[in-house]
Student: 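My questions all concern the structure below.
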Amino acid sequence: LQMRSGTLLLVTTLCATVAALPRFWGGRLRGGFVQTSHEEAVRDSRADSDVIGTAYIKQKIDHFNASDSRTFKQRYFFRNDNTAEKNVNFLYISGEQTASSKKITGDTTPIVQYAKKFNGNLFLLEHRYYGESRPFDDTSTNNLKYLSSRQAIEDIAEFIKAMNANYGPATQKWVVVGGSYAGNLAAWARLKHPELIA
């Protein structure tokens with residue numbers, strides 16, 4: 001009887017410990033390493049204004065096939081509250097997670113501080129296949145073939161071209177940043193498109 005109660009206590013303790021650990025999916029914390037759920041990001045995106053808000057850009061599903069005209073809506077967040085004339089733009093790339101405007105709405109994040117220092121516009125681009133930027137409802141293997149860093153780099157380039165059309169391409173300078181995988185995307189985009197990214 002003493003052995004059974006000791007075993008029961010051990011099993012109960014193990015179950016309680018495992019239940020208290022963060023939930024992982026595919027080796028990562030659910031929702032990525034940023035503790036923002038998809039629902040929270042969606043709620044966060046509802047309070048738009050002309051200065052800080054959410055918008056969408058039409059992107060090609062396959063940038064490398066001219067005969068494929070299919071598109072999807074890619075979500076981005078913007079912050080344009082610096083009042084002097086602007087010719088500097090900061091683009092924060094969201095990695096493999098649902099994007100949240102919290103990255104660009106707080107005043108303590110480095111990207112926001114740089115935008116203020118250089119009086120620049122601030123954008124955050126959600127990665128394809130994450131959050132509300134999903135080309136397909138079905139994530140079958142056939143549809144996932146468009147989930148690649150090559151396609152994401154072209155998403156960045158097309159985003160910059162579209163924003164330059166709005167703000168005046170002759171004078172616009174772009175600084176693209178990100179962390180981890182998104183930081184690699186920023187560097188690769190700069191290498192592939194030096195005509196667009198400073």
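Throughout, numbering of the chain's residues begins at 1 and tracks the sequence.
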Student: Is it true that, when you exclude R150 itself, more than 12 heavy atoms of the residues, nucleotides or ligands shown sit nearer than 6.0 Å to its CZ?
Tutor: no

Student: Nearest 0.5 angstrom please: N89 CG to N121 CG, how far?
Tutor: 4.5 Å

Student: Check whether any side-chain heavy atom of L91 sits under 4.5 Å from a side-chain heavy atom of L125, and report yes or no.
Tutor: yes

Student: For the pair E154 and K192, evaluate salt bridge (charged side-chain N to carboxylate O under 4.0 Å, His left out) and give the outcome as yes or no after the intermediate values.
Tutor: CA-CA 9 Å; E154 296 310 309; K192 182 120 194 279; 2.7 Å; yes

Student: Sequence neighbours excluded, which residues qualify as side chain to side chain contact (heavy atoms under 4.5 Å, CB included) partners of E158?
Tutor: Q59, H63, K161

Student: Report yes or no: do S133 and E126 form a side-chain donor-acceptor pair below 3.5 Å?
Tutor: yes

Student: Which heavy atom in S67 sits nearest to a heavy atom in N65, and how many Å separate them?
Tutor: OG-OD1, 2.7 Å

Student: Mind checking what makes ring pair (Phe, Tyr, Trp, His ring centres under 6.0 Å) contact with F123, not counting sequence neighbours?
Tutor: F159, W174

Student: What distance do I111 atom CD1 and F90 atom CZ have between them, rounded to the nearest 0.5 Å?
Tutor: 6.0 Å

Student: Could you tell me the separation between the CD atom of Q151 and the CD1 atom of I156, rounded to the nearest 0.5 Å?
Tutor: 12.0 Å

Student: Do N142 and S140 get their side chains close enough for a donor-acceptor pair, meaning under 3.5 Å?
Tutor: no

Student: Rounded at 0.5 Å granularity, tell me how far CD1 in I104 sits from OG1 in T109.
Tutor: 8.5 Å

Student: Who passes side chain to side chain contact (heavy atoms under 4.5 Å, CB included) against D107, sequence neighbours left out?
Tutor: R79, V112, K116

Student: Is the number of heavy atoms from other residues, nucleotides or ligands within 6.0 Å of OH (Y114) greater than 12?
Tutor: no

Student: Closest approach of A186 and G178, non-hydrogen atoms and distance?
Tutor: CB-N, 4.2 Å

Student: Looking at I197 and I160, what are the two nearest heavy atoms and their distance?
Tutor: CG1-CD1, 3.6 Å

Student: For the backbone of A182 and the side chain of S180, can you confirm whether one donor and one acceptor N or O come within less than 3.5 Å of each other?
Tutor: no

Student: Do L124 and Y76 make a side-chain contact, defined as non-hydrogen atoms from C-beta onward lying under 4.5 Å apart?
Tutor: no

Student: So does Y56 get a backbone contact from the side chain of R75, meaning a donor-acceptor N/O pair under 3.5 Å?
Tutor: no

Student: Not counting sequence neighbours, which residues clear salt bridge (Lys or Arg N to Asp or Glu O under 4.0 Å) with K73? List them please.
Tutor: none

Student: Within the structure provided, determine whether K60 and D68 are in side-chain contact (heavy-atom separation under 4.5 Å).
Tutor: no

Student: Working to the nearest 0.5 Å, report the span between OG of S149 and CG of N184.
Tutor: 9.0 Å

Student: Rounded to the nearest 0.5 Å, how far apart are CZ of F77 and OG1 of T105?
Tutor: 9.5 Å

Student: Going through the distances and angles, do L185 and V176 end up as a side-chain contact (heavy atoms from CB on, under 4.5 Å)?
Tutor: CA-CA 9 Å; L185 283 178; V176 181; over 6 Å; no

Student: May I have all residue pairs that pass ring pair (Phe, Tyr, Trp, His ring centres under 6.0 Å) and include part of residues 178-198, sequence neighbours excluded?
Tutor: H127-Y181

Student: For Y146, is there any backbone N or O sitting under 3.5 Å from a side-chain donor or acceptor partner on R128?
Tutor: yes

Student: Residues two or more places apart in sequence or in another chain: which of them pass salt bridge (Lys or Arg N to Asp or Glu O under 4.0 Å) with R134?
Tutor: none

Student: Assigning hydrophobic clusters by single linkage (Ile, Leu, Val, Met, Phe, Trp, Tyr; side-chain heavy-atom cutoff under 4.5 Å), is I61 placed with L144?
Tutor: yes

Student: Ignoring hydrogens, what is the shortest heavy-atom contact between A162 and I57? Give both atom names and the distance.
Tutor: CB-CD1, 3.4 Å

Student: Taking all heavy atoms of I153 and all of A189, pick out the closest pair and write down the distance.
Tutor: CG2-CA, 3.9 Å

Student: Can you check side-chain contact (heavy atoms from CB on, under 4.5 Å) on Y129 and E96, steps first, answer last?
Tutor: CA-CA 8 Å; Y129 284 85; E96 58 278 29; over 6 Å; no

